[in-house]
Amino acid sequence: MRKSHKKIGLGLFIALLLCGCQKKPAEDTGILNVQEAEKPEIRQTEEQAAAALNPDTMPGTVLGEEEVLVLKEDSFESVLYERVRGLEGSSIAYDAERFFLEIKDGMLVIRFRDKEEVFLAMGEAEGDSAEAAADQYVYDSGEECAVEEVTIGEGEYPAFWVRYGTETPDGEKVCDRYILRHNERLYVVQIDCSLDLCDTAGAEQQTILSTLRFDEG
């Protein structure tokens, strides 16, 4: 990976990442702990339990429901999340009343029902390693960036986090890319959000990311 990157440009990024683009230890997860889901109680039908065990279950298949605690303002609120099959033995959970899921161009995409410009997408990444893939995202972005080693999901999977801001016709946008390796495959999770929604809608997508789980074994 390149030894240096441009320092972060937006005021929000400076406040979050005073160390610019220097790598940090994997245990320092930064803003990823803004909202944390409690270990869920799982509700499944027999059909959903069977689908969860079947490696050929199609992405988007509902695997059950979970009660999770979501941080809203200054307190935690219990919310019913729907867990669905993701890519290659993964699963992820979200509030099906407020979000919808689609499979588009080989990626699993979760959007708000009323804010389609804010989304989470997961797909396979290209590269020899997560570090090399992260470096390529930095290069391809053409923007000022931050790079950090973090852990994501319920399994606290090691990942490289690339964050940058960019201008769009509708204003400034924040782009997060999380690149991780699991079972010899590289994955990228991207969260795109307008700057003014980072602390609200963007944080909710971070909560969804915290439910990411890969089947073991």
Exercise. Roughly how far, to the nearest 0.5 Å, is the CZ atom of R181 from the OG atom of S129?
Worked result: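 Here the interatomic distance stands at 7.0 Å.
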Seminar exercise, completed: The reported gap from CG in L197 to CD in E117 (rounded to nearest 0.5 angstrom) is 6.5 Å
For [X], which residues count as a side chain to side chain donor-acceptor pair (under 3.5 Å) partner, sequence neighbours excluded?
| X | value |
| --- | --- |
| D196 | S194 |
| R113 | none |
| R111 | E102 |
| D105 | none |

Exercise. Just by modelled atom types, is the T211 backbone N or O under 3.5 Å from a matching donor or acceptor in the R83 side chain?
Worked result: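 Yes, because the side chain of R83 sits within donor-acceptor range (under 3.5 Å) of the backbone of T211.
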Exercise. Ignoring hydrogens and geometry, is there a side-chain-to-backbone donor-acceptor pair from Q205 to G202 under 3.5 Å?
Worked result: no
Exercise. Can you list every pair that meets ring pair (Phe, Tyr, Trp, His ring centres under 6.0 Å) and has a residue in residues 109-138, with sequence neighbours left out?
Worked result: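 Listed by first then second residue: F99-F112.
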Can you find a pair of side-chain heavy atoms, one from [X] and one from [Y], that are under 4.5 Å apart?
| X | Y | value |
| --- | --- | --- |
| V138 | V147 | yes |
| E126 | L186 | no |
| Y164 | R177 | yes |
| T166 | S141 | no |
| L101 | L108 | yes |

Exercise. Which residues pass the salt bridge (Lys or Arg N to Asp or Glu O under 4.0 Å) test with D95, sequence neighbours left out?
Worked result: none
For this session: Go through the structure and list residues passing salt bridge (Lys or Arg N to Asp or Glu O under 4.0 Å) with E88, not counting sequence neighbours.
Result: R185
Taking only residues two or more places apart in sequence, or in another chain, which ones meet [X] in a side-chain contact (heavy atoms from CB on, under 4.5 Å)?
| X | value |
| --- | --- |
| A159 | V150, I152, L180 |
| A96 | E82, Y94 |
| E77 | K72, V79 |

Exercise. With a 4.0 Å cut-off, would you call E204 and R98 a salt bridge?
Worked result: yes
For this session: Verify salt bridge (Lys or Arg N to Asp or Glu O under 4.0 Å) between R85 and D215, making sure each step is shown before the conclusion.
Result: CA-CA 10 Å; R85 171 67 75 204; D215 296 340; 3.0 Å; yes
Exercise. Would you say D114 has more than 12 foreign heavy atoms packed within less than 6.0 Å of its CG?
Worked result: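 Yes - once you tally the heavy atoms of other residues, nucleotides and ligands closer than 6.0 Å, there are more than 12.
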Seminar exercise, completed: Across all chains, not counting sequence neighbours, the ring pair (Phe, Tyr, Trp, His ring centres under 6.0 Å) partners of F214 are Y157, H182, Y187
Please output the side-chain donor-acceptor pairs of residues 55-63 that fall under 3.5 Å, not counting sequence neighbours, one pair per line with the distance.
from: T57; atom 1: OG1; to: A51; atom 2: O; distance (Å): 2.5
from: T57; atom 1: OG1; to: N54; atom 2: O; distance (Å): 3.0
from: T61; atom 1: OG1; to: M58; atom 2: O; distance (Å): 2.7

